[in-house]
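Computation of the quantities below employed the complete heavy-atom set of this structure, encompassing side-chain atoms and omitting hydrogens, waters and symmetry-equivalent molecules.
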Amino acid sequence: MPTILGQNQYGKAENRVVKITRDGATHHIKDLNVSVALSGDMDEVHYSGSNANVLPTDTTKNTVFAFAKEHGIESAEQFGIHLARHFVTSQEPIHRARIRIEEYAWERIETSDANSRFIGADEVKHSFVRRGQETRLTQITYDGERWEVISGLKDLVVMNSTNSEFWGYVKDKYTTLQEAYDRILATEVSGRWRFNWTDDEQKMPHWEKSYEQTKKHMLQAFAETYSLSLQQTLYQMGARIINNRGEIDEVRFSLPNKHHFLVDLEPFGLKNGNEVYFAADRPYGLIEATILRDGCEARIPVDMTNL
């Protein structure tokens, strides 16, 4: 039976690049995990093994490190844009480049008072601790004319210890869950947001500020929503971002419900008044949805935020 080649891409995945910027004694860190995927006129390498149109994946790896030196890393988005533009414009067979980046944040270690017998706090500006809150993400796609930038985060664990209820749901013969009028609401946020910057004629967003502000609005919405369902909280998080960040048209969240169940302490003669919980890691409810600016179409893949 005849066969034909379908969608294909190749590149170098998970290039770990750490860029140290030395501003005198004060140092700054950008720690990225960069994956490059290229596609274009690649039929022959699959059909006959001809590498005439193939830029070696080792070269894409070297480009990532060289660009960290030549262009610096202002932001994950800006770095990905430099790379995508380079691969599409410098290699005729390559028609599309997709750059995925994870960024691992570091924060400066607070040191002791000055006049330390070792170095002195006023001199220590080069020591960092890896921040554990979340992993920042971005994906840049470029086809020589239009850009698509989807940024986001994962592994951000948040909790409300009250102001959450869950009741009035459908019940059948298999339902055992008791209605809750004061419960813990916790989740591990995996979110992506799509920018409406799509071509070089538009003013480019300030990527660093946009990320910090987007995260701020998302967390404020989580904290300030009196939740009757995780779906309601999810929608409020996305809506707050859309309403406050004009550069973003679409937000998608995947929120696992990190269940906390009250422990039955009656066998020990103890009354558990919403104090002691069992944190169950699985199975878990998984709530996913996309929130859009009115008039916009959804473009973030539905499986991009979850396995």
Side-chain angles (χ1 to χ4, degrees), residues 133-139 150-196 210-263 274 277-307:
Q133 278 197 341
E134 84 274 0
T135 299
R136 180 174 169 178
L137 307 166
T138 192
Q139 173 177 294
I150 299 173
S151 294
L153 54 79
K154 65 177 181 178
D155 304 327
L156 181 66
V157 181
V158 293
M159 173 191 288
N160 284 330
S161 56
T162 189
N163 285 357
S164 176
E165 305 178 17
F166 188 59
W167 53 271
Y169 43 82
V170 174
K171 302 178 182 67
D172 65 12
K173 65 180 181 178
Y174 300 112
T175 302
T176 60
L177 185 69
Q178 299 297 308
E179 293 186 336
Y181 296 88
D182 186 7
R183 67 170 184 169
I184 287 176
L185 181 67
T187 188
E188 183 176 308
V189 180
S190 177
R192 306 290 189 278
W193 42 90
R194 179 174 56 81
F195 293 90
N196 49 39
S210 179
Y211 179 82
E212 293 301 327
Q213 290 295 308
T214 299
K215 178 184 171 185
K216 180 192 77 171
H217 290 301
M218 179 187 69
L219 290 177
Q220 288 177 344
F222 178 83
E224 296 170 7
T225 299
Y226 191 103
S227 179
L228 299 177
S229 67
L230 184 52
Q231 286 92 331
Q232 176 195 15
T233 299
L234 180 154
Y235 181 79
Q236 291 300 320
M237 291 164 65
R240 185 81 67 96
I241 293 171
I242 295 292
N243 290 334
N244 286 278
R245 302 306 305 174
E247 72 274 21
I248 294 171
D249 280 351
E250 177 184 4
V251 180
R252 182 166 179 82
F253 285 119
S254 177
L255 302 183
N257 200 331
K258 309 287 279 187
H259 297 298
H260 289 69
F261 299 111
L262 276 171
V263 178
N274 286 0
Y277 296 83
F278 166 65
D281 65 341
R282 64 193 64 183
Y284 51 84
L286 183 60
I287 312 302
E288 300 175 294
T290 298
I291 302 91
L292 294 161
R293 189 176 302 281
D294 190 21
C296 294
E297 295 182 1
R299 295 181 182 173
I300 299 177
V302 297
D303 62 347
M304 191 172 181
T305 49
N306 193 45
L307 294 177

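Leu230 CG to Met237 CE: the interatomic distance, rounded to the nearest 0.5 Å, is 8.5 Å. To the nearest 0.5 angstrom, Asp249 atom CG is 8.5 Å from Leu292 atom CG. We find the CD1-CD distance between Ile287 and Gln232 to be 12.5 Å, quoted to the nearest 0.5 Å. In this structure, CD1 on Ile150 lies 11.5 Å from CG on Leu137, to the nearest 0.5 angstrom. Here the straight-line distance linking atom CZ of Arg194 with atom CZ of Arg252 works out to 13.0 Å at 0.5 Å rounding. Here the straight-line distance linking atom CG of Leu156 with atom CG of Leu219 works out to 5.5 Å at 0.5 Å rounding.
Looking at residues two or more places apart in sequence or on another chain, you find a salt bridge (charged side-chain N to carboxylate O under 4.0 Å, His left out) between Arg136 and Glu77, Glu103, Glu208. Listed by chain and number, the residues in a salt bridge (charged side-chain N to carboxylate O under 4.0 Å, His left out) with Glu179 are Lys171 (sequence neighbours excluded). In this structure, Glu165 has no salt bridge (charged side-chain N to carboxylate O under 4.0 Å, His left out) partners at least two apart in sequence or on a different chain. When the side-chain hydrogen bond (donor to acceptor under 3.5 Å, both in side chains) test is applied to Gln220, no partner is found at least two apart in sequence or on another chain.
Put simply, the side chain of Glu250 gets close to the backbone of Arg299: a donor and an acceptor are under 3.5 Å apart. At distances below 3.5 Å, not a single donor-acceptor pair connects side-chain atoms of His217 with backbone N or O atoms of Ile242.
The pair Lys258-Glu188 meets the salt-bridge criterion, with a side-chain N (NZ, NE, NH1 or NH2) lying under 4.0 Å from an Asp/Glu carboxylate O.
The environment of Asp294 atom CG is sparse: at most 12 non-hydrogen atoms of other residues, nucleotides or ligands sit within 6.0 angstrom.
Phe195 and Ser151 make their closest contact through CE1-OG, 3.5 Å (heavy atoms, listed as atom of the first residue, atom of the second, distance). Ser190 and Leu255 make their closest contact through N-CD2, 4.4 Å (heavy atoms, listed as atom of the first residue, atom of the second, distance). The nearest pair of heavy atoms linking Pro256 to Tyr284 is CB-CD1, 3.5 Å. In this structure, Ala221 and Gln236 approach most closely via the heavy-atom pair CB-O, 3.6 Å. The two residues Ser161 and Asp182 make their nearest non-hydrogen contact at O-OD1, 4.5 Å. Looking at every heavy atom in both residues, Gly191 comes nearest to Phe253 through CA-CD2, 3.7 Å.
The shortest side-chain heavy-atom distance between Gln133 and Lys215 falls under the 4.5 Å cut-off. Between Met218 and Val251, every side-chain heavy-atom pair lies at or beyond the 4.5 Å cut-off. Proximity of Arg240 to Glu224: side-chain heavy atoms (C-beta onward) are separated by under 4.5 Å at one or more points. You'll find the side chain of Ile184 reaches within 4.5 Å of the side chain of Met159, heavy atoms only. With a 4.5 Å cut-off on side-chain heavy atoms, Asn163 and Leu185 do not count as touching. Looking at heavy atoms from C-beta onward, Tyr169 lies in side-chain contact with Leu177 at the 4.5 angstrom threshold.
Between the side chains of Thr233 and Thr225, no donor-acceptor pair is found at a separation under 3.5 Å.
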Can you check side chain to side chain contact (heavy atoms under 4.5 Å, CB included) on Val189 and Val158, steps first, answer last? CA-CA 8 Å; Val189 180; Val158 293; 4.1 Å; yes
Candidate pair Ile291 and Leu234, rule side chain to side chain contact (heavy atoms under 4.5 Å, CB included), full reasoning: CA-CA 9 Å; Ile291 302 91; Leu234 180 154; 3.6 Å; yes
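Using cut-offs of 30° and 60° for the angle between ring planes, the Tyr277 and His260 rings count as perpendicular.
Sequence neighbours left out, not one pair with a member in residues 222-251 passes ring pair (Phe, Tyr, Trp, His ring centres under 6.0 Å). The salt bridge (Lys or Arg N to Asp or Glu O under 4.0 Å) analysis of residues 150-163, with sequence neighbours excluded, yields the pairs Glu102-Lys154.
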